[in-house]
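Residue numbers start from 1 in every chain, and the chains themselves are labelled A, B, ... in the order their sequence lines are given, proteins ahead of strands. Reckoned from all heavy atoms, side chains included, excluding hydrogens, waters and symmetry mates.
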2 protein chains.
Amino acid sequence: MTTRRRAAPDAATAEQVSLGRLDHYLGFRLRRLQNQLSKQFAAATALHGLRSGLFTALAIIEANPGISQNRLAREVGLDKSLVVLILDDLEKRGWAERRRSAADRRRHELGLTDEGQRMLNQLFESLDETEKGVFDRLSPDEIEQLHQLLDRAYSLWDDGAK
Amino acid sequence: MTTRRRAAPDAATAEQVSLGRLDHYLGFRLRRLQNQLSKQFAAATALHGLRSGLFTALAIIEANPGISQNRLAREVGLDKSLVVLILDDLEKRGWAERRRSAADRRRHELGLTDEGQRMLNQLFESLDETEKGVFDRLSPDEIEQLHQLLDRAYSLWDDGAK
DNA sequence: TATTGTTATACTCTATAACTATA
DNA sequence: TATAGTTATAGAGTATAACAATA
């Protein structure tokens, strides 16, 4: 087991701080790595000042043109009232549009503008570079392994709830 | 590649929503899995109403008895003013104590109470069960693989910053 | 009556800066 | 002058409930 950051058991006064039992949990390592990744991505896209959830919303709309705000909310795991704010933001930027549905006039059908599509492509490029940087030390095989392990671990809990 | 949640490309009206390009990024899978994990853990410990950062702080104090608030802050990646609130909370619960340092009277030396130690043990048991549940489908070998891959990917960015 | 989107409200989380007491 | 801890404030992020329009 790798213990790079591990110091002596009670080295509170020394330079290194021990992680103790935390170091043996996947949850901790998952969070730690994901934090690094999202900080890197936020830094790479800082000039746009993207609010949280905005990038994901953009990507889901791209993959599901015409999706309603309600379904989008469920998919990103946010309340529909939050999605209203995200859509307000996206429309203000000119990256997405609400179109009243002809079939069900309560709904909005969501879509990207050309500008939004260009931005999304650009954001995915930033994400590509970020991930390339962070996962530098892993071989393509190992990255694929990681994908599969994460996917299998998650699929158990895909209960469609919330 | 596993595509369990993948629907037809533009199936906005069908039951399944496509994740589109997101599905090909480790950042997305990391976040998704980590969300599940932390929701499960929060649910398992809901009766205590633990504020965010409290569990981690407790674990770091256990592993580094006598640590200062400043070092704790750096280790958990929060501002020292946040750590004040967490310590207030921990003391109110009777789980941790601040003791004025004799060597440097500006500092507090942090430590767990017996009650805090018992609680932490109990919380780690909950975490054990949570992880056991979530990573049910992975073999011990695969779990160890996951540990190592996550650890190696992270260590690149262990720059001690912030 | 139920659902989609909206608004209002409040609560948590976090960052920043100013303050105090010690060094 | 610098550091450890504290306080106050403000800004995000999020959840909840009430509401209007439509089904």
Student: Taking the six-membered ring for Trp, are A:Phe55 and A:Phe124 parallel (under 30°), tilted (30 to 60°) or perpendicular (over 60°)?
Tutor: perpendicular
Student: Looking only at side-chain atoms of A:Ser81, point me to the closest of D:dA17, C:dT3, C:dA15.
Tutor: D:dA17
Student: Using a 6.0 Å cut-off, check whether atom CZ of B:Arg105 has over 12 heavy atoms from anything other than its own residue.
Tutor: no
Student: Between B:Arg29 and A:His147, is there a side-chain donor-acceptor contact under 3.5 Å, judged purely by atom types and distance?
Tutor: yes
Student: D:dG5 C1' sits how many Å from B:Leu90 CG, rounded?
Tutor: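 One finds 16 Å between C1' of D:dG5 and CG of B:Leu90, rounded.
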Student: In whole angstrom, give the distance that lies between atom CG of B:Leu82 and atom C1' of D:dA4.
Tutor: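 Rounding to the nearest Å, CG of B:Leu82 and C1' of D:dA4 are 16 Å apart.
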Student: Measure CG/A:Leu87 against C1'/C:dT7 and give the value in whole Å, please.
Tutor: 15 Å
Student: In whole angstrom, give the distance that lies between atom CG of B:Leu78 and atom P of D:dA12.
Tutor: 19 Å
Student: Ignoring backbone atoms, test whether B:Arg71 places a side-chain nitrogen or oxygen under 4.0 Å from the OP1 or OP2 oxygen of D:dT3.
Tutor: no
Student: Quick check on DNA chain C: between A:Lys80 and B:Arg100, whose nearest nucleotide comes earlier from the 5' end?
Tutor: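 First, find each residue's nearest nucleotide; the 5'-ward one identifies A:Lys80.
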Student: Pick the nucleotide of DNA chain D nearest each of B:Asp88 and A:Ala103; which residue has the one closer to the 5' end?
Tutor: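 Mapping each residue to its closest nucleotide by heavy atoms, the 5'-most match is B:Asp88.
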Student: For B:Asn35 and D:dG13, give me the distance from atom CG to atom P, rounded to whole Å.
Tutor: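 Distance, rounded to whole Å: 15 Å.
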Student: Considering only D:dA23, C:dT4, D:dT6, which nucleotide approaches the side chain of B:His108 most closely?
Tutor: D:dT6
Student: Under 3.5 Å, is there a donor on one side chain and an acceptor on the other for B:Gln40 and B:Gln36?
Tutor: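 No, B:Gln36 and B:Gln40 have no side-chain donor paired with an acceptor closer than 3.5 Å.
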Student: Under 4.0 Å from OP1 or OP2 of D:dT14: is there any side-chain N or O of A:Ser52 that close?
Tutor: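 Yes.
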Student: At less than 4.0 Å, is any side-chain N or O atom of A:Gln69 found next to OP1 or OP2 of C:dT3? Yes or no.
Tutor: no
Student: At less than 4.0 Å, is any side-chain N or O atom of B:Ser101 found next to OP1 or OP2 of C:dT22? Yes or no.
Tutor: no
Student: Could you check how far CG of B:Leu110 sits from P of D:dA4, rounded to whole Å?
Tutor: 13 Å
Student: Rounded off to whole Å, could you give me the CG-to-P distance for the A:Asn70 and D:dT22 pair?
Tutor: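 Spelled out: CG on A:Asn70 to P on D:dT22 is 17 Å.
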Student: Rounded to whole angstroms, how far apart are CG on B:Asp79 and P on C:dT14?
Tutor: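 It is 11 Å, rounded to the nearest whole Å.
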Student: Would B:Arg152 and A:Glu142 pass as an ion pair if we require N to O under 4.0 Å?
Tutor: yes
Student: For A:Arg106 and A:Leu85, find the nucleotide of DNA chain D closest to each by heavy atoms; which residue's nucleotide sits nearer the 5' end?
Tutor: A:Leu85
Student: Please determine whether a side-chain nitrogen or oxygen atom of B:Arg51 lies at a distance below 4.0 Å from atom OP1 or OP2 of C:dC11.
Tutor: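 Looking at the OP1 and OP2 atoms of C:dC11, neither is under 4.0 Å from any side-chain N or O of B:Arg51.
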